[in-house]
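Shown next, in structure tokens, is the structure this report addresses.
Nothing fancy with the numbering, it's 1 onward along the sequence.
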Amino acid sequence: MKTVIPFVLVVAAVSQACGVQDRVGRSDSAPVSEGYFTGAEGLRLFYRVAGDRGDTLVVLHGGPGMDMEYLWPDLMPLATDHTLIHYDQRGGGGSGLPEDTTLLSIEYHVRDLEALRQYFGLGRLTILAHSYGPALAALYAIDHPDRVERMVFVGPVPPRRGDFFDRYSENLATRLQPEEQERLGELWPAMVSGPNTKAACVEYWSIAMRPRLADPDDVSKLKGDPCAASEQAIRFGQGTTSPAVFASIGDWDFRSKLATVEAPVLVIHGEQEPIPMDLVEEWILALPNARLMRVPNAAHFPYVERAEIVFPAIELFLKDEWPQAAAALR
């Protein structure tokens, strides 16, 4: 039985008018603040706001079961001219770890995103989502098509499950040496249930990030920390939240329902991404107003690997312009 390896996702949208709390300082010339808001069924969720100007972007991290820390430092260039709202999704990071695991289903994650919209007083969300994040973003947009302004999907999982996990796992495996695969198999249980969670997490991701990059030696360029959470949150997120969320989505296929999502969607996908390009193209074919930008010499983290291409493309899209390299596929 294959282990479902968690993904890394993202979403973005927020406004200067949000009543943010607990100013904690400034990073890369952009102000940073932190606080908590109340999600579905009263669960406390941790957020961080970076920047205080321009368009507000709500950022959805990947996983499920991970948190914002692997992502937010590398997105700070956007905070120079925009406001970014990151939050740790339920069951991970600094957010609540519910004892009732039925509260981890995707339904509650969608309700949390709506709670965030209301908490910050946002009319329509601009969403930037990474990896598994676009699945959450898409389900929110299907439920609330009138509350989404536009979305950016970076390195997304596909809109249907199909043979995705088999192909994705195979692509990762072909980029690893046999001894690396063996070591990952030893580290996974150590990370989710062993006595040295942090150490196992650090070593696990030092190996697991490599096949997710076009150049495995670029790992040092990633500023984020996938092991920044407490040991309890790491164990819970990877061992409980991740399988619970995927179980709640089941054999997913969003394609028929995506026809109701009229908001423009820019999909950014590295040409060396282990998530198969042909499956990602199905987002473009299913959404009424979407385009795909293939990024050369990049894999799962194109905003780091090819920042000089990705950030200008996002800026154009936020100005209601399609990047020249974005194709409609119709």
Side-chain angles (χ1 to χ4, degrees), residues 1-11 39-47 58-71 86-116 127-144 151 153-162 164-166 168-169 188-189 191-193 201 204-205 208 226 229-230 232-254 257-258 275 279 283 300:
M1 183 175 178
K2 293 186 177 179
T3 299
V4 176
I5 299 176
F7 301 93
V8 197
L9 304 145
V10 169
V11 181
E41 301 300 315
L43 195 70
R44 192 169 82 151
L45 302 175
F46 175 71
Y47 73 81
V58 171
V59 180
L60 292 185
H61 64 73
M66 297 187 73
D67 56 63
M68 70 174 82
E69 298 298 342
Y70 84 84
L71 177 66
H86 297 255
Y87 74 99
D88 289 344
Q89 296 159 29
R90 62 175 52 221
S95 291
L97 313 177
E99 292 184 11
D100 181 358
T101 56
T102 63
L103 297 177
L104 295 170
S105 74
I106 193 66
E107 169 196 353
Y108 292 100
H109 287 265
V110 171
R111 290 172 58 187
D112 289 342
L113 186 50
E114 173 59 11
L116 179 141
I127 295 175
L128 171 67
H130 178 239
S131 188
Y132 145 83
L136 172 55
L139 288 172
Y140 178 85
I142 289 168
D143 282 358
H144 306 289
M151 297 190 288
F153 291 174
V154 183
V157 296
R160 67 180 177 92
R161 177 168 176 155
F164 162 60
F165 282 129
D166 289 337
Y168 175 70
S169 298
W188 181 261
M191 182 169 60
V192 300
S193 61
C201 182
Y204 178 90
W205 285 109
S230 68
Q232 180 188 12
I234 293 171
R235 288 193 295 268
F236 191 90
Q238 304 308 317
T240 302
T241 303
S242 182
V245 173
F246 277 122
S248 71
I249 304 175
D251 187 13
W252 76 84
D253 189 342
F254 310 141
K257 294 181 179 179
L258 290 173
I275 298 176
L279 297 182
W283 284 112
H300 200 51

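- For the atom pair OG of Ser230 and CZ of Arg235, the computed distance is 8.0 Å after rounding to the nearest 0.5 Å.
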**Q.** Candidate pair Glu41 and Tyr108, rule side-chain hydrogen bond (donor to acceptor under 3.5 Å, both in side chains), full reasoning
**A.** CA-CA 8 Å; Glu41 301 300 315; Tyr108 292 100; 4.9 Å; no
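- Here the side chains of Trp283 and Leu258 are in contact, with some heavy-atom distance below 4.5 Å.
- Pro64 places a side-chain heavy atom less than 4.5 Å from the side chain of Phe246.
- For Thr241 against Gly91, the heavy-atom pair with the smallest separation is OG1-O, 2.7 Å.
- The backbone N or O of Leu136 sits nowhere less than 3.5 Å from a side-chain atom of His109 that would complete a donor-acceptor pair.
- For the atom pair Arg90 CZ and Arg111 CZ, the distance stands at 7.5 Å (nearest 0.5 Å).
- Under the 3.5 Å distance criterion, the side-chain polar atoms of Asp112 are left unmatched by any main-chain donor or acceptor of Gly39.
- For the pair Asp88/Leu45, no side-chain contact is recorded, criterion being any heavy-atom separation below 4.5 Å from C-beta on.
- Side chains of Gln89 and Met68 form no contact here, defined as non-hydrogen atoms less than 4.5 Å apart.
- Across every non-hydrogen atom of Val110 and Tyr140, the tightest pair is O-CD1, 3.8 Å.
- Rounded to the nearest 0.5 angstrom, Phe254 CZ and Ile142 CD1 are separated by 6.5 Å.
- Residues Pro226 and Cys201 share a closest heavy-atom pair of O-SG, 4.0 Å.
- In this structure the side chain of Leu43 reaches within 4.5 angstrom of the side chain of Pro98, judged on heavy atoms.
- Taking all atoms of both residues into account, the shortest heavy-atom contact from His300 to Gly155 is CE1-O, 3.3 Å.
- With a 4.5 Å cut-off on side-chain heavy atoms, Val245 and Ser105 do not count as touching.
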Q: Give the intermediate values and the outcome of side chain to side chain contact (heavy atoms under 4.5 Å, CB included) for residues Gln232 and Leu97.
A: CA-CA 9 Å; Gln232 180 188 12; Leu97 313 177; 3.9 Å; yes
